[in-house]
Each structure stands twice: as structure tokens, then as C-alpha cells.
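Notes follow the structure.
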Amino acid sequence: QEQLAESGGGLVQPGGSLRLTCAASEISFHIYDMKWYRQASGMQRELVATISKDGTTMYSDSVKGRFTISRDNTKNTSYLQMNNLKPEDTAVYYCNAHRDPPIKRDLWGRGTQVTVSS
């Protein structure tokens, strides 16, 4: 069964770090772009970071310089390293695997909670 599973969330103090992991199962991982989204309480889901199948990375302005997205195709895993965390980074973080047309496909994980608070 195709699935994505996030892990690594938790409670951290401002200025701290966390590394989120997205483990993919039963998909051809190397042909998907991998993305991390987040959704804060009462807010819309927003795109945080993308790593394309060829390794190109993109970040939202709010996390640029603090977060790093990476992937390991040998382990079917994507990572989001988050440094210098701020209270406004508090959200549920979701992993997404995306394929462009002609075979458009989007797979989602269930999310992992990140809380930044002192």
C-alpha cells in the first residue's frame, strides 16, 4: 500500500532544532517531487519547502535560511531540518509526494505536530 509516514515532531524551545522525516512506502520514490507543508491552527495549509526529483530545492520566505530539505532515494526518505525555530513555526507538518501531468499524483502523510514554545 502506498503511504507516507512523518516522524520527528515534538515540543522545542525557541531557537531550537528538529529534524522531520518522511518515509515513503510502495512508491517509485525517485520520480516524485517531495514537499513539506504546514498548517497552523485556524490557518490554511502552506507550502514550506520542495525538493524536486532532480534535487532542486525551494523554500518559502518565512523559512529560508533556517530550514533545509533533503532526500535519500536509497532509503525512500525525505527530511526537513529545522533550525532556529520560532513560535510562529508551530503547526502540523505534512509530507507530500507530487508527480506532474500527464500522470498527476499527490500522496499525503498524516502529519506530525511541531510546537515551539518556552
Side-chain angles (χ1 to χ4, degrees):
Q1 180 180 355
E2 297 177 331
Q3 69 175 19
L4 302 177
E6 302 97 336
S7 61
L11 173 64
V12 63
Q13 292 186 342
S17 298
L18 284 174
R19 188 175 82 154
L20 305 184
T21 298
C22 173
S25 303
E26 303 296 332
I27 70 170
S28 297
F29 183 79
H30 66 283
I31 64 174
Y32 283 83
D33 297 333
M34 298 302 297
K35 302 173 185 276
W36 286 93
Y37 287 78
R38 67 185 181 187
Q39 187 167 19
S41 180
M43 305 291 285
Q44 288 189 329
R45 192 172 295 190
E46 65 167 334
L47 177 61
V48 172
T50 300
I51 184 165
S52 68
K53 54 185 181 291
D54 66 1
T56 303
T57 58
M58 291 183 292
Y59 300 92
S60 68
D61 288 342
S62 61
V63 307
K64 199 173 296 183
R66 300 187 298 121
F67 290 12
T68 302
I69 189 171
S70 60
R71 65 190 296 159
D72 186 339
N73 289 348
T74 66
K75 297 181 179 179
N76 289 357
T77 302
S78 173
Y79 305 96
L80 185 68
Q81 177 67 44
M82 306 186 295
N83 298 329
N84 189 22
L85 283 160
K86 305 176 180 180
E88 52 263 41
D89 295 318
T90 295
V92 178
Y93 284 70
Y94 296 91
C95 178
N96 166 258
H98 173 78
R99 284 186 70 181
D100 287 327
I103 306 177
K104 189 177 186 299
R105 192 78 191 278
D106 277 286
L107 302 171
W108 291 92
R110 294 186 176 182
T112 184
Q113 175 70 47
V114 171
T115 302
V116 185
S117 175
S118 54

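Model, not experiment: these values are computed from the prediction.
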Look at the side chain of Asp33 and the backbone N and O of Lys53, then say whether any donor-acceptor pair between them is shorter than 3.5 Å.
yes
Gln44 CD: over 12 foreign heavy atoms closer than 6.0 Å:
no
If you take all heavy atoms of Gln39 and Met43, which pair is closest and at what distance?
NE2-O, 3.1 Å
Going by salt bridge (Lys or Arg N to Asp or Glu O under 4.0 Å), name the residues that satisfy it together with Arg105, two or more places apart in sequence or in a different chain.
Glu2
Let me confirm one number: the NZ-CZ distance from Lys104 to Arg99, rounded to the nearest 0.5 Å.
11.5 Å
Would you please name every residue forming a salt bridge (Lys or Arg N to Asp or Glu O under 4.0 Å) with Asp54, sequence neighbours left out?
none
Quick check against the 3.5 Å criterion: does Glu6 have a side-chain atom that pairs as donor or acceptor with the backbone of Gly111?
yes
Report yes or no: does Arg38 contribute a side-chain atom to a donor-acceptor pair with the main-chain N or O of Thr90 at less than 3.5 Å?
no
Who are the salt bridge (Lys or Arg N to Asp or Glu O under 4.0 Å) partners of Arg110, not counting sequence neighbours?
none
Between the CD atom in Gln113 and the OG atom in Ser41, the distance rounded to the nearest 0.5 Å is 9.0 Å
Return the CZ to SG distance between Arg71 and Cys22, rounded to the nearest 0.5 Å.
10.0 Å
Can you sort out the partners of Arg66 under side-chain hydrogen bond (donor to acceptor under 3.5 Å, both in side chains), two or more places apart, ordered by chain and number?
Asp89
Partner set under side-chain hydrogen bond (donor to acceptor under 3.5 Å, both in side chains) for Ser117, not counting sequence neighbours:
none
Quick one: does Ser78's side chain have a donor or acceptor within less than 3.5 Å of a partner on Ser70's backbone?
yes
Taking side chain as C-beta onward, heavy atoms only, is Tyr94 less than 4.5 Å from Asn96?
no
What's the separation between atom CG in Asp106 and atom CH2 in Trp108, rounded to the nearest 0.5 Å?
6.5 Å
Which heavy atom in Ser17 sits nearest to a heavy atom in Asn83, and how many Å separate them?
OG-OD1, 2.9 Å
Measure across Lys64 and Asp61 and return the closest heavy-atom pair with its distance rounded to 0.1 Å.
NZ-OD1, 3.2 Å
Which residues end up grouped with Leu4 if you chain together Ile, Leu, Val, Met, Phe, Trp and Tyr wherever their side-chain heavy atoms are less than 4.5 Å apart?
Val12, Leu18, Leu20, Ile27, Phe29, Ile31, Tyr32, Met34, Trp36, Val48, Ile51, Tyr59, Val63, Phe67, Ile69, Leu80, Met82, Leu85, Tyr93, Leu107, Val114, Val116
